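Only one structure is covered here, and it is reproduced in the block below.
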Amino acid sequence: MTTAFWIISAVTLLGAVLAVTLRNLVHCVLALILFFLGIAGHYFLLRADFLGVVQILIYIGAVAVLILFAIMLTRNVTGTEGPREVFGLKWWSGAATAAIIGALVLAAIRRDELSKLPTSTQANSSVLEIGKLLVTDWVVPFEAMAVLLTAALIGAVVIALEEVLRRR
Amino acid sequence: METIYQLLQTWLPNLPEPIMRLISFAVPILFVISVFPGIFAYTTLIERKALGRIQNRLGPNRVGRWGLLQPIADGMKLLTKEDIVPRKADKFTHFLAPVIAVIPSVMLFAVLPVGSGLIPVNLNIGILFVFAISTGSVLALFMGGWASRNKFSLLGAMRAVAQVVSYEVPMVLAALVVVMATGSLSLLTIAQAQSGGFLNISNWFVFQPWGFVGFVLFMIGAMAESARTPFDIPEAESEIIAGYHTEYSGFKFALFQLGEYLASIALAGVTVTMFLGGYNGPGSHLPYVGWLISMGWFFSKMMGVIFIVIWIRGTWPRVRVDQLMSFAWKMLLPMSIINIFAAALYHFMPSKFLAWVVTAVGLLICWWGLAKLNSDGEIKKRTYRYAN
Amino acid sequence: MIQPVADTRPKGLIETETLEVSIGPQHPSTHGVFRMNATLDGETVVALKPVMGYLHRNHEQLAERMTWLGSMPYTDRLDYFNSMANNWAYALSVEKLAGIKVPERAEYIRVIMTELTRLLNHICLVGFLLQDLGAWGTPLLYAFREREKILDLFETVSGSRMMCNYFRFGGVRVDLDDKSLALAREITSKFPKFLDEFEKLLSGNEVLLARTQRVGILPKELAINASITGPMARASGVEYDIRKVDKYGLYGTLDFRVPLGEVGDVYDRYYVRVLEMRESVKILNQVLRDVPAGPFVAPEVKLRNFKVPAGDGYGRIETPKGELGFYLVSDAQGKLPYRYHVRPPSFINLTILEDMCLDHKVADVVIILGSVDIVLGEVDR
Amino acid sequence: MGFLGKGLFQGMAVTARNFVGSYFDKERMVTVQYPEERVQVPENSRTFPFLVFDNTADHMRCVGCKICEEECPPQCIYIVMDRDENGKPLQRPKVFDIDISVCMQCQICVEVCPFEAIKMDNNYEKSQYDRFDDLVERLPDLLKSNEYYNHIKPAEASAVDAKLKAEADKKAKKAAPAKAAPKPAAPKPAAAPAPVAGRLVIPEDAPFTPEQRAWLAGFLSSAGAVAGPATAPVESAAVELPAVEEAAPDTEAAPAVDTPWHDPGLAMPQRMDLAKERPLADKLMAAMAQTDCHACGYDCRGYADAIAGGAESDLSLCLPGEGETAGMLEQLMKEAGKV
């Protein structure tokens, strides 16, 4: 199991590094997909099958594809134009943001509450449990997310509708 | 996998543990990678033969008796063809795309119960796995289309992405009714839930109103997902040449075809498992020979579904890209949501017969109403006048 | 060189870039070597320029270096689906110019051949249209199966399936014997049954209806202004059929109707052709019923050293694609045409392609082009 | 619109019927497995032209008159007339090329040929490995026997044979009275050394009278059935035979006795010599190639009369005579002061 962990971790990190260093935007997204896959692999290792599959379904099947779709329709995908230096001001500000988030996550882990949670060795129960939790304890955030997404959907329709009306 | 492991433990208890594990891994893998590409090869032949007969032609009949060796000849031809990469193409992505096209399609077979108790991997989230993996194929289409640096390829890739993302939604919702009925995401459990009844047939989900609607919706979604006529717009040859694989030749092209066919075969298998009783059929529950009979049932049903897909391909014209989209969002999505309610209604009604009738009538009315709502009144048969 | 068209439309919330796509000259559905330079906004066409001339063969100039008869086989190659109709148009023009009277039997044979040509042209057009719609060749192959029977008849009579070279000034080259007449009757009697099956396959098909209705509308005024002829004009509601207007040949005595469309979209163009086929069957039934005996070619017309008195003339007929006319000028020598000009229906019907395609999707462009019914041999000449 | 999807299922029913029908219904399944099975092509079917010969390849009907070359719309025929070493036309083509990559199979050459010499083949398997030379059919490739013609197009060929036979009979009838008139220059027609000249194919034991025999010899020679190595002396010997003169086709307009030069075997100086003392029309006629090919639109007599009478002003219409005739005609007209 540990061998698998190291391999998957290495792939994940490689994907992450490539995603920020490659010049070609499409290559970046492909590296990002590799990263998502690595994360999904970690979920599988942790016997969270459902989360792993959902990671693939949502992040690769939807998010990455949408990013690609957006990138495909833009100019200068190959990164041959524009500033060439990687370690510019933007990079440093990005690194700072990443460091802050990383520190927060680390702090959360160090608080030692996660390890006290019961570990599930029964893979088959995860779907059922998540489902129950979503409609009982977490029903308010769940519905709030649903409202948010609906709002986003309506917004997209409005923008597209404007385009359709203009064309007529 | 587990079945083989247990069998080995009972029959050859002296075998060392790692070897037992290895064998139990290897057998299903070998089964998947040997049987399904073979089915792919002969599906192409059957497709060409059937289309030929539909069009009053003979179809391939020169290589071997009845053209039986035609797939091999095709493969050899494609292997020996020049591999052309456009000069301005993104070489790496161009190379990677056909490979990625095949991998998810092969992975789909891992969760298909091909016979009574015969499933390569009994994943408890089988259906979700199917949907997650099949979205992977869209990446390949996108990469191929984008990396070719061809405007037609790009258009094809755009269409492919839009289409697959759109049809995923009604397809998942259509599959949801089955999950509701069985309370499980595992394809094996779903198949088991449809056994019993009269000749192992009457419990198939397709005979319930919601099951039938779900079957139709899922078939449409699967056809769109695997870009089959009438939803073959990503590679609509009369419009955008060959879409995303315009710039592919030789074996890369063959890999695209392989991936596409494997995906549609796998989705046919999933359709069979979810709605057409899977491996269940008369005789599939018998001891000793049941596994063989059930396998026969599964594959013949799968080929039946594939034949319907071919038949449709030989008959219908292709829809337009915007019609495709509005069909997905305005017809299929509402219908699949209504279908979920119908399934729930069916579940909670006391009398099953009454439930059957009520849901059937309700779904018919909804279908008719949706069709009325969506037709803008302009599309109809016309009458013509004559000048003297 | 085609210049990119500047996008002058107002900008909206979403700014989009246009994509220029050259559809053709090598493309599966341009019906030959034809090119459309399309500017796309997403999938929508915002500008489209037809580019033609890839198949230019100098037909008119060649004809001016050739005897009157020598051009006859070249007219076969204008619209290679309808060589019989092209032959007639040319023969009619020369006959008009030289004042030749055509024997009655020859007129009957001409009507038979031309109406059969109309059947095969329209049936193939429907097949090709469906091919453009993506129906995987099934309707096309059914159409070809029927077309084959007509072509077999043409081969039996004229010796060639497509390049018939059958008409002569003052008649036809060889007589239509009884066996061929019986074959023609058989084809005519079986055709409506096939047409019914064909319509069952297509006319009610929701996908076809959704794809073709309200697509590529050609308004009546534009059709008249752009001098569109043939089924295309009639689909837009223009009452114009040269068989009725000129009453050339036997058409003045025959009983048939001219179907007219209302909307002028692709579906009307498709269906008007189906209805025209039914009318053609009606014409064929009448003509085949009473073919008179007699000479099949005017005896006074010489094959060689055929001379045409000086003057000019324009002869036109209703080919399946529209008005095909030949404008001929003969000088004092009279051996060769001094001027030879073709009015090709495909070419003129193609001129309004952009007007029909704007604001439609790429997929529609293909079927609109398919519904125009062009043959590049005739467009480029 | 009724039930959504009704039309779609109707369509599927049609294709299903065709699917099943293709196994049982001959009307639906029209495929012919080409290399094994072949469609019987109709008799009228045409592909590329060929040249007909009678009996043996030496007796080709073509006289090399170049009408087809002139009339061919895509100009794919190339003919050079055969001449002996004295420059005398031998009434047959030396070169007859048809470029079948240019030929458009229009059949106009067949229609215009006055000698029934060129006909349309129906062999459609002409694939070659070379785009250039292999697609040019030379004289030996083009020559096919009359039997072959009869085989591929029985009805048409028998009509042609009947027509030729009728013409020949007419000739024979005309020739017979001419024979009856005593001719000083015909001492022994039957003994004419025809076999020596290599032109005769009439067997010695054929049931012909000497007159008929002589006429046939003449007919065959003048109709273009000329053997290869005919030498000049033999030719000039044959000139002495009046039978040969009379046998030229289409001489209704002018009896043979009046136009001794009307023999395509004669060279231009000989012909002009024979017509020396005659009026202009006869001199003009003697300048023609004497094939009566109608390339000009007349027979030789008619064209000469037309020029002499002023009805025809174009002096370049005699195709078989080539530049020689045109030049001579011009010269004669100049001499007569008519140009």
Side-chain angles (χ1 to χ4, degrees), chain B residues 47-48 50-57 150-156 158-159 162 228-233 235-242 246 310-327 331 371 374-388, chain C residues 19-23 26-29 40 42-44 130-142 145 201-215 234 237 239-241 244 257-263 267-268 271-272 275 279 360-367 370:
Chain B
E47 169 147 22
R48 288 169 69 179
L51 277 180
R53 285 294 176 171
I54 282 174
Q55 300 172 352
N56 296 335
R57 295 183 286 113
N150 178 318
K151 284 168 181 169
F152 291 112
S153 298
L154 194 69
L155 277 175
M158 268 164 60
R159 287 175 169 198
R228 303 285 310 195
T229 313
F231 307 109
D232 58 342
I233 61 155
E235 47 193 273
E237 104 280 333
S238 63
E239 297 151 25
I240 50 170
I241 322 251
T246 305
I310 294 171
W311 182 11
I312 287 173
R313 180 181 171 183
T315 310
W316 296 352
R318 165 190 313 130
V319 296
R320 201 169 57 211
V321 61
D322 57 327
Q323 291 166 346
L324 179 95
M325 287 302 166
S326 46
F327 186 63
M331 279 297 286
N374 280 320
S375 70
D376 39 9
E378 288 167 340
I379 289 165
K380 55 183 183 292
K381 288 195 90 164
R382 296 177 184 162
T383 48
Y384 287 83
R385 68 195 174 89
Y386 292 90
N388 49 66
Chain C
L19 179 73
E20 273 196 48
V21 180
S22 175
I23 304 173
Q26 277 85 40
H27 187 279
S29 48
L40 305 182
E43 288 257 350
T44 314
L130 265 290
Q131 179 80 350
D132 290 342
L133 280 166
W136 277 108
T138 308
L140 179 63
L141 281 159
Y142 294 168
R145 189 186 67 206
L201 173 64
L202 302 176
S203 292
N205 191 315
E206 278 86 355
V207 178
L208 181 120
L209 294 181
R211 278 300 299 277
T212 54
Q213 294 203 342
R214 317 292 305 172
V215 166
R234 291 194 285 276
E239 280 191 41
Y240 184 67
D241 186 324
K244 288 283 185 198
R257 299 174 300 170
V258 179
L260 293 176
E262 305 257 319
V263 189
Y267 184 79
D268 272 356
Y271 209 75
V272 160
L275 294 174
E279 293 302 313
H360 284 302
K361 301 274 184 280
V362 187
D364 293 333
V365 170
V366 167
I367 60 165

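Since we're looking at a predicted model, the values are computed, not measured. Labels below follow one simple rule: chain letters A, B, ... track the order of the sequence lines, proteins then strands, and each chain is numbered from 1.
Heavy-atom distances place both the backbone and the side chain of C/Leu260 under 4.5 Å from chain B. When heavy atoms are compared at a cutoff of 4.5 Å, C/Gln26 approaches chain B solely by way of its backbone atoms N, CA, C and O. Residue contact with chain B, scored on non-hydrogen atoms closer than 4.5 Å, involves the side chain of C/Val215 exclusively. At a 4.5 Å heavy-atom cutoff, the contact between C/Asp268 and chain B is made by backbone and side-chain atoms alike. Proximity to chain B is limited to the side chain of C/Leu40, based on heavy atoms less than 4.5 angstrom apart. Both the backbone and the side chain of B/Val319 come within less than 4.5 Å of a heavy atom in chain C. Residue C/Ser22 touches chain B through its backbone alone, counting heavy-atom pairs closer than 4.5 Å.
Side-chain contact between C/Val362 and C/Val21 is absent, with no heavy atoms from C-beta onward closer than 4.5 Å.
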Does the side chain to side chain contact (heavy atoms under 4.5 Å, CB included) test come out yes or no for C/Glu20 and B/Lys151, once each step is laid out?
CA-CA 8 Å; C/Glu20 273 196 48; B/Lys151 284 168 181 169; 4.2 Å; yes
Show your reasoning for whether side chain to side chain contact (heavy atoms under 4.5 Å, CB included) applies to C/Leu133 and C/Val207.
CA-CA 9 Å; C/Leu133 280 166; C/Val207 178; over 6 Å; no
Show the numbers, then the answer: is there a side chain to side chain contact (heavy atoms under 4.5 Å, CB included) between C/Thr138 and B/Thr315?
CA-CA 7 Å; C/Thr138 308; B/Thr315 310; over 6 Å; no
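A side-chain donor-acceptor contact under 3.5 Å links C/Glu279 to the backbone of C/Arg257.
Counting heavy-atom pairs closer than 4.5 Å to chain B, the top residue among C/Val365, C/Thr212, C/Val263 is C/Val263. Your options are C/Leu208, C/Asp364, C/Leu130, and the one with the most heavy-atom pairs under 4.5 Å with chain B is C/Asp364.
The aromatic rings of B/Phe231 and B/Phe327 sit parallel to each other, their planes meeting at less than 30°, with 60° as the upper class boundary.
Within the model, atoms CZ of C/Arg234 and CG of C/Leu275 stand 11.0 Å from one another, a figure rounded to the nearest 0.5 Å.
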